[in-house]
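For clarity, every value in this text was computed on a predicted model and none was experimentally measured. All values below come from the heavy atoms of this structure, side chains included, with hydrogens, waters and symmetry mates left out. In each ligand, atom 1 is the first atom listed, and ligand 1 is the first ligand listed.
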Amino acid sequence: MRFLSALLALLPLAYASNANVQVNGNVCTVVPLGGGQDDGPNVLSAFSQCGDGGTIVLDSYYVVGTVLVTTGLKDVNIELSGTVQYTPDIAYWSPNSLYMAYQNATTYWFLSGDNLHLYGGGTLDANGQVWWDYPNKTTGTAGGSSTTFARPVPLTVGNASNVVIEDLTEISSPFWNNFVYQSTNVTYRNINISSVSYSSNPAANSDGWDIYRSSYITIENSTINNDDDCVSFKPNTTNVIISNLHCNGSHGISVGSLGQYAGETDIVANIYVNNVYMANAENGARIKVFGGSPYANSTAGGGTGYVQNVTYQNFQVVNVDNPITVDQCYDTDAAACAEYPSQLNISDVHFIDIYGTSSGEDGTVVVDIECSSECQDITATGINLTSPNGTATYVCQNVASESQLDFNCTAPSSSSSA
Ligand SMILES: *[C@@H]1O[C@H](CO)[C@@H](O)[C@H](O)[C@H]1NC(C)=O
Ligand SMILES: *[C@@H]1O[C@H](CO)[C@@H](O)[C@H](O)[C@H]1NC(C)=O
Ligand SMILES: *[C@@H]1O[C@H](CO)[C@@H](O)[C@H](O)[C@H]1NC(C)=O
Ligand SMILES: *[C@@H]1O[C@H](CO)[C@@H](O)[C@H](O)[C@H]1NC(C)=O
Ligand SMILES: *[C@@H]1O[C@H](CO)[C@@H](O)[C@H](O)[C@H]1NC(C)=O
Ligand SMILES: *[C@@H]1O[C@H](CO)[C@@H](O)[C@H](O)[C@H]1NC(C)=O
Ligand SMILES: *[C@@H]1O[C@H](CO)[C@@H](O)[C@H](O)[C@H]1NC(C)=O
Ligand SMILES: *[C@@H]1O[C@H](CO)[C@@H](O)[C@H](O)[C@H]1NC(C)=O
Ligand SMILES: *[C@@H]1O[C@H](CO)[C@@H](O)[C@H](O)[C@H]1NC(C)=O
Ligand SMILES: *[C@@H]1O[C@H](CO)[C@@H](O)[C@H](O)[C@H]1NC(C)=O
Ligand SMILES: *[C@@H]1O[C@H](CO)[C@@H](O)[C@H](O)[C@H]1NC(C)=O
Ligand SMILES: *[C@@H]1O[C@H](CO)[C@@H](O)[C@H](O)[C@H]1NC(C)=O
């Protein structure tokens, strides 16, 4: 024993090998402390020791009550075959989760570096119910969090490149399940997400994925049960492929919201969404952009930029309120939006083979495409949507390419809202 501790004292590592981080060559296996003790420092130690060309093994049940900022990683395998459960300690996490510069989002785990592979069939459990049920919760604006009650994202792939995340179950997220932040070439596949509340408090803002300032992102073969966007393309998301998703209870596959801040430029381009099953949802295929604003300091519209080359194809809806919806006056007063139309252009948007049934929530309306400035080159083919409330109707406004929609448009009624 004395010899061992003397030896350990000589090791020049920031984190000495200990009984709970077994180091075997470049493989670091974290052994749980048990008894509800925080395994976070040992997880960080494993990343520190095996974060360059190594493998981190998380094959047991871990309790994590320390924010995980694992940055500067290079060529790392993360074998998560066990369960990482974040402590339900709001008093710790709200101020100590890592803050990122978008909608006050914070995270439990900021995974960052180049050429990273997370796999193993394990689980991230973020104990969302205690957050959803918290009595005095405050939320941010437009789907954001708040700095006073900061609800962390279970897994953020941030400032990262060439990442594959696969075979993962994520349960009970207090906020967005996944955040792709300032990253390029990230693939997610075989991800099972379940953020479902067991009380009357909804699993608020439990988006499956939010993507921000990122490119070359693929999300495929995944199942999402939640209470907000299934996937959301936030400002400066380009070159994304979404395929084979099964979304239940969500708010749809959403572009936006964009154009919220005057003086800011938001771009969403080159998005291909293919083969989605969307059930019991508020929206199916959705684009939401704020209207314009006369105020240079506006935080509720007036931003510039564009949405371009977005295709939704092979998209089945079942009991969905708004199967196809484009709103360029999002969260903007209708009269104000008419006077100050959006300065964020929408063009080259294609809906191909969208079929199924609406919920009837919006009566017979199954398509609602309302642009404030004119939208260019929006097409729809193979649309086969029915409403339980009678013959389907299609509302359009300011669509330059109306003749390229395979249904007849009606103008919005004054009472219609998207
Ligand atoms: C919630 O707010 C009420 C009234 O301000 C206060 O009495 C109570 O202690 C708060 N509860 C929590 C958990 O912060
Ligand atoms: C960020 O948090 C502050 C303080 O809670 C809040 O006022 C603001 O609306 C939040 N911003 C967003 C975008 O949610
Ligand atoms: C991510 O990158 C930005 C810009 O390079 C940097 O300012 C920020 O500190 C990085 N975040 C983390 C958590 O490393
Ligand atoms: C994307 O990342 C994966 C995983 O690291 C890698 O195999 C692939 O070559 C990368 N693609 C490009 C275009 O760099
Ligand atoms: C996800 O759920 C599906 C069906 O419920 C199951 O077949 C699959 O194995 C699950 N994947 C993971 C990674 O747990
Ligand atoms: C994804 O699912 C499709 C359809 O079920 C299947 O053909 C494909 O092999 C799967 N891809 C991966 C990477 O699992
Ligand atoms: C988006 O990209 C454009 C063009 O590079 C840039 O001007 C703008 O500031 C970016 N916006 C955000 C929100 O990052
Ligand atoms: C449109 O986006 C798709 C999906 O990212 C991409 O494959 C295609 O090349 C883009 N088309 C153009 C003209 O950029
Ligand atoms: C914008 O500026 C005007 C006057 O310059 C001010 O009245 C208003 O409160 C400001 N709005 C915001 C959102 O800061
Ligand atoms: C649509 O029909 C359902 C019954 O099938 C009814 O409950 C609902 O109120 C109707 N919605 C509208 C907007 O008329
Ligand atoms: C539209 O969908 C209905 C119900 O699924 C189906 O019976 C019908 O054949 C479809 N029509 C076309 C043109 O595909
Ligand atoms: C659209 O309206 C025109 C003229 O009333 C009619 O000939 C055509 O069949 C309608 N098309 C569809 C898809 O309902």
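- Within 6.0 Å of CG in Asp333 there are more than 12 heavy atoms belonging to other residues, nucleotides or ligands.
- For ligand 8, the atoms closer than 4.0 angstrom to any heavy atom of Asn309 are 1 (C), 2 (O), 3 (C), 8 (C), 10 (C), 11 (N), 12 (C), 14 (O).
- In terms of polar-atom proximity, Gly360 is counted as a contact of ligand 10, with an N or O under 3.5 Å from an N or O of the ligand.
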> Between Ser347 and Asp377, is a side chain to side chain donor-acceptor pair (under 3.5 Å) present by the stated rule, with each step listed?
Replying inline: CA-CA 5 Å; Ser347 67; Asp377 193 20; over 6 Å; no

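- Counting the atoms of ligand 10 from 1 in the order shown, those under 4.0 Å from a heavy atom of Glu361 are 13 (C).
- Under the 3.5 Å distance criterion, the side-chain polar atoms of Gln85 are left unmatched by any main-chain donor or acceptor of Leu124.
- Residue Asn389 has at least one N or O atom closer than 3.5 Å to an N or O atom of ligand 10.
- Among protein residues, Leu98, Phe110, Asn159, Gln182 come within 4.0 Å of ligand 3, judged on heavy atoms.
- Comment: Asp52 does not engage Lys74 in a salt bridge, judged by the lack of any side-chain N to carboxylate O separation of less than 4.0 angstrom.
- Listed by number with element, the atoms of ligand 8 under 4.0 angstrom from any heavy atom of Asn270 are 1 (C), 2 (O), 4 (C), 5 (O), 10 (C), 14 (O).
- Of the charged side-chain nitrogens involved, at least one lies within less than 4.0 Å of a carboxylate oxygen, so that Lys234 and Asp210 count as a salt-bridged pair.
- Of the possible polar contacts, one joining the Asp38 side chain to the Gly40 backbone as a donor-acceptor pair under 3.5 Å is found.
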> Can you check side chain to side chain donor-acceptor pair (under 3.5 Å) on Asn20 and Asn42, steps first, answer last?
Replying inline: CA-CA 7 Å; Asn20 294 91; Asn42 288 323; 4.7 Å; no

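- Atom CG of Asn221 sits about 5.5 Å away from atom CG of Asn190, to the nearest 0.5 Å.
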